[in-house]
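In what follows, a single structure is set out as structure tokens and then discussed.
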Number of protein chains: 2
Amino acid sequence: MLDEKQNSGLNFHVSVDCVVFGFEFGKLNVLLLERKMLFKGVEFKDLKLPGDLVRKDEDLDTAAARVLKELTGLDNIYLRQFAAIGTPDRLYRMERDMEWLRQIGHPEEVVVTVAYYSLINIDQDKINRFELQEDVKWHPVSQIKELAFDHMEIFNDALKALRDELRFNPIGFELLPSKFTLSQLQKLYEVILGSTLDKRNFRKKVSNMPYVIPINEKEKGVSHKPAQYYIFSKKVYEKTRKSSLDFFV
Amino acid sequence: MLDEKQNSGLNFHVSVDCVVFGFEFGKLNVLLLERKMLFKGVEFKDLKLPGDLVRKDEDLDTAAARVLKELTGLDNIYLRQFAAIGTPDRLYRMERDMEWLRQIGHPEEVVVTVAYYSLINIDQDKINRFELQEDVKWHPVSQIKELAFDHMEIFNDALKALRDELRFNPIGFELLPSKFTLSQLQKLYEVILGSTLDKRNFRKKVSNMPYVIPINEKEKGVSHKPAQYYIFSKKVYEKTRKSSLDFFV
DNA sequence: TTAATTCGTGTTTGTTATACACTTTACCGA
DNA sequence: TCGGTAAAGTGTATAACAAACACGAATTAA
């Protein structure tokens with residue numbers, strides 16, 4: 001009754017979906033795939049989250065990392081699982097979704113999906129290797145209004161999970177280049193948490209974090225007082241954090 | 001490449017597993033199922049988490065609620081999804097696990113499981129309806145050393161997730177009877193968070209929570225000063241909480 | 001040389017966290 | 001009925017942290 005005895009013929013498809021965040025020019029962006037199709041005789045375009053079916057011989061985390069690698073060419077990206085969704089009709093609520101699945105030959109079956117978000121820093125030296133396919137683009141988070149399937153819900157949940165984690169773990173640095181200014185860091189927190197922060201209080205807090213370290217380098221070519229660059233040291237962080245739950249609020 | 005196009009023949013079994021917590025006599029307990037089998041000619045017993053395969057027409061949350069209902073007879077139990085695990089060999093690492101699966105006729109396939117924890121208060125009026133099957137028993141959390149399959153990892157992750165949530169959401173009350181004393185409440189926090197708390201400071205904090213309300217009733221039949229009973233009001237909590245993230249630390 | 005722009009800095013005040021010990025109220029048993 | 005036992009209930013002083021707030025310094029562009 002409570003065991004894996006029953007229903008042993010019941011098979012599902014399992015997929016991973018990735019909500020890939022990036023931060024540039026003071027904006028939080030998300031990487032989305034354009035979906036094109038012929039719908040009721042006219043061309044129809046919309047956006048969806050990148051994802052793929054999980055293969056039989058791979059872990060869920062591995063599948064998510066593979067999707068990211070195929071999408072961006074990048075390895076070692078910050079990835080966090082934040083939900084599993086298995087509502088039976090989740091892919092079959094909208095006409096256009098059913099039509100699309102028909103066109104790509106997807107059988108009408110339940111797909112349980114495991115959702116991840118990932119954080120990418122669009123660093124100078126990485127940007128070369130970082131060539132996106134034509135149908136994959138960054139979109140400002142604030143402008144996302146609608147996505148395919150239940151991807152809008154997944155996206156909203158990802159944002160919520162990101163905000164929650166940002167308060168208690170030093171993950172903001174994953175979204176910044178390896179050297180960054182304190183203004184960039186502050187802006188990042190403001191944009192993700194959706195509030196403004198006091199500059200002096202912010203810097204006071206950061207100066208109590210021994211793992212945010214000034215380096216011997218300043219901004220160049222800006223028409224104002226150049227800012228000090230800092231780096232984040234994971235090593236120092238691991239060594240100096242007091243409880244498993246300190247960081248920001 | 002990134003779509004559900006490929007691998008469309010890949011099917012998984014999907015299950016839910018529940019880590020059911022209870023709190024009684026100052027101890028945190030977990031509800032486990034005894035697994036019995038003939039292994040290498042002798043009777044072998046161990047413990048596993050309750051769980052079941054998800055049915056084709058049900059949601060993951062629905063499946064978890066169903067498992068709980070079948071297990072305890074209770075509805076409307078606090079349930080929280082906290083992980084999905086799909087490591088291909090997760091059920092096939094130990095001889096005894098493979099033997100057990102063989103004996104119950106489980107095909108050797110990948111089972112992706114979605115893990116939930118749930119909180120039960122063992123209330124006076126509920127206890128009648130609450131008749132556990134013979135092979136289902138409460139075990140003190142501190143005494144769990146080994147479980148079947150990867151259930152020990154799932155159990156440890158559940159504890160971690162419970163601790164994290166306890167700090168920021170008023171879920172402790174789910175583990176207490178509807179009327180409780182402040183000492184019970186304090187003990188609950190101490191046991192789950194694994195630290196002792198100062199009585200006066202604890203009560204000071206609680207007295208700033210308008211949703212923890214004294215009722216016109218005291219302990220009876222105790223051989224010392226009887227304690228005041230309190231109730232938790234979800235309504236008042238919803239109305240009075242300031243941010244989405246306040247509560248305890 | 002001046003204007004424009006962003007960087008970087010300290011103090012005060014209020015709130016919250018911590019540390020700490022004794023009196024009260026009930027039951028029990030002699 | 002009285003003394004012992006056991007847990008309940010209560011206040012204050014100090015330290016740490018959060019919030020509010022304004023101006024001089026460094027650079028480029030015109």
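Worth saying up front: this structure is predicted, and the values here are computed from it rather than measured. Labels below follow one simple rule: chain letters A, B, ... track the order of the sequence lines, proteins then strands, and each chain is numbered from 1.
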B:F180 CZ to D:dA8 P, in whole Å, measures 14 Å
Would you kindly give the CZ-to-C1' distance between B:F202 and C:dC20, to the nearest whole Å? 18 Å
Would the distance check show the side chain of B:T87 and the main-chain N or O of B:R90 forming a donor-acceptor pair, the cut-off being under 3.5 Å? no
Distance, rounded to the nearest Å, where B:M209 contributes CE and C:dT16 contributes P: 12 Å
In whole Å, what is the span from the CD atom of A:Q228 to the P atom of C:dT6? 19 Å
Donor-acceptor pair, side chain of B:E219 and main chain of B:P226, under 3.5 angstrom: no
Between B:L119 and B:E174, which heavy-atom pair has the shortest distance, and what is it? CB-CB, 3.8 Å
What is the distance from CD of A:E219 to P of C:dT6, rounded to the nearest Å? 11 Å
Of the nucleotides C:dC7, C:dT25, D:dA6, which has the atom closest to the A:H224 side chain? C:dC7
Go through D:dA7, D:dC21, D:dA25 for me and flag the one nearest to the A:D198 side chain. D:dC21
Report yes if a donor N or O on one partner sits less than 3.5 Å from an acceptor N or O on the other, where the partners are the side chain of A:N201 and the base of D:dA20; otherwise report no. yes
Tell me: CG of B:N208 to P of C:dT16, nearest whole Å? 8 Å
For D:dT5 and B:S223 - does any side-chain N or O of the residue sit under 4.0 Å from the phosphate oxygens OP1/OP2? no
Is A:R203 close enough to C:dT9 that one of its side-chain N or O atoms is under 4.0 Å from OP1 or OP2 there? no
5' precedence on DNA chain C between A:K204 and B:K218 (nearest-nucleotide basis): A:K204
Below 6.0 angstrom between ring centroids: does that apply to A:F232 and A:F180? no
Within this structure, what is the NZ-to-C1' distance between B:K187 and D:dA8, rounded to whole angstrom? 16 Å
Whole Å only: how far is the NZ atom of A:K220 from the P atom of D:dA26? 18 Å
Decide, yes or no, whether a salt bridge links B:E24 with B:K27 under the criterion of side-chain N to carboxylate O below 4.0 Å. no
Between the base of D:dA8 and the side chain of B:K199, is one N or O donor paired with an acceptor at under 3.5 angstrom? yes
Heavy-atom nearest nucleotide on DNA chain D taken for A:R200 and for A:V222; more 5' hit belongs to A:R200
Just to be sure I understand the rule, does B:T181 reach a base, reach only the sugar-phosphate, or reach nothing, if contact means heavy atoms closer than 4.0 Å? nothing
Between the side-chain atoms of B:K205 and the base atoms of C:dT18, is any donor-acceptor pair under 3.5 Å? no
